[in-house]
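Whatever order the structure lists ligands and atoms in, that order sets their numbers, starting from 1. One is the number of the first residue; the rest follow in order along the sequence.
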Amino acid sequence: MTRYLRAAAAQLGPVHLADDRASVVGRLIEMLREAHGAGCRLVVFPELALTTFFPRYWWDDAAEADRFFEREMPGPETAPLFEEAKRLGVAFYLGYAELSEEEGQVHHYNSAVLVGPGGDIVGKYRKVHLPGHADHRAALEFQHLEKRYFEVGNLGFPVWRLFGRVMGMCICNDRRWPETYRVMSLKGMELMMVGYNTPDTNQYHPEPKHLKMFHNHLTMQAGAYQNGTWVVASAKAGAEDGFGMIGGSCIIAPTGERVAQALTEEDEVVFYDCDLDLGDYIKRTVFNFEAHRRIEHYGLITERTGPFAAAPD
Ligand code: CDT
């Protein structure tokens, strides 16, 4: 069983509306090769990695956004990435917009796949926490229309065994919610992969700019420590057609420390030798769930979404 896993976060610089899939896949392959050259066995790419972050745009006909969705994975444009990863024997996480047909119904999800070193899809995750709004807010500098273009994921928070260890996936806004980590941690998660697209401005409320990066790292470092898990986090960075994305891709140890971090707002690979046994002492001591969790007092967490959802006690 693997003790050390050299894992990479492969950050993408801006992807513009005019950029086609082939050029983006070419950039992903470049980073995959770089990571492989550095000895990495797992590479994490961002959320919606194949296109610009299109939910910032409103189209009167929502179906116009269908051009950003993948109907198959791999499809003709993503097959070269799968083939190269298989040739190199590197596993990867890829975020993409998924258009699927289930029982005659078309569905739209914000998804990620985990592809094993043999090129097979080991697992799929569909984003549960969709931020933003569904209505047209033309007065905003840019919108965040995930609630318009995607449905809430219907697969829960599964975990998968890869390299003999337990791995979880989530997508962007999921990383801000403690429940995301805890559900997977209760299934034994040892490493969590997350891709994200975070604007560098809070369009809903004026806020000091530095808070965007602070909150990004704060939530993931807390999630890593409180669950004794590694987190490999990969961002989009820089200005996509003028709209800034924060970047800050990083690898976080189960101690909550950031051990590797991207320095640029461009395509950049960062990697680390993750000691997958490091979380064990945290799970045996301060976060020994079996010894210390008090589930008899946690019922409200699954009964209420918030304090205003029901009368207070
Ligand atoms: N892509 C994504 O989930 N982005 C959100 C932005 C929230 S602002 C509406 C994030 O949590 O980073």
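Applying the side-chain hydrogen bond (donor to acceptor under 3.5 Å, both in side chains) rule to E83 yields no partners; only residues at least two apart in sequence or on another chain are considered. In terms of the side-chain hydrogen bond (donor to acceptor under 3.5 Å, both in side chains) criterion, residue partners of K124 (sequence neighbours excluded) are, by chain and number, E98.
Contact annotation: for H129 versus ligand 1, there are no heavy atoms closer than 4.0 Å.
The aromatic ring centres of F68 and W59 sit less than 6.0 Å apart.
The ring-ring contact (aromatic ring centres under 6.0 Å, His included) test with F69 singles out one residue from F54, Y149, Y109, Y96, and that residue is F54. Under the side chain to side chain donor-acceptor pair (under 3.5 Å) rule, T198 has a single partner from H215, K212, R175, which is R175.
Ranking protein heavy atoms by distance to atom 6 (C) of ligand 1, first place goes to H144 CE1, 3.6 Å. Counting only heavy atoms of the protein, atom 12 (O) of ligand 1 lies nearest to T198 OG1, 2.6 Å.
Closest heavy-atom approach to atom 3 (O) of ligand 1 among the candidates R56, E47, K127: K127.
Near C172, with a cut-off below 4.0 Å to any heavy atom, the atoms of ligand 1 are 1 (N), 2 (C), 3 (O), 4 (N), 5 (C), 10 (C), 12 (O). Shown in contact with F53 at under 4.0 Å from a heavy atom are these atoms of ligand 1, numbered in order with element: 1 (N). Residue E146 approaches ligand 1 through these ligand atoms, each under 4.0 Å from one of its heavy atoms: 1 (N), 2 (C), 3 (O). Taking every non-hydrogen atom of R176 and a distance limit under 4.0 Å, the qualifying atoms of ligand 1 come out as 10 (C), 11 (O), 12 (O). Short contacts between ligand 1 and N197, defined as distances under 4.0 Å to a heavy atom of the residue, involve ligand atoms 1 (N), 2 (C), 4 (N).
By the 30° and 60° cut-offs, the orientation of the rings of H136 relative to W58 is parallel.
Atom CG of L5 is separated from atom CE of M167 by 5.5 Å, given to the nearest 0.5 angstrom.
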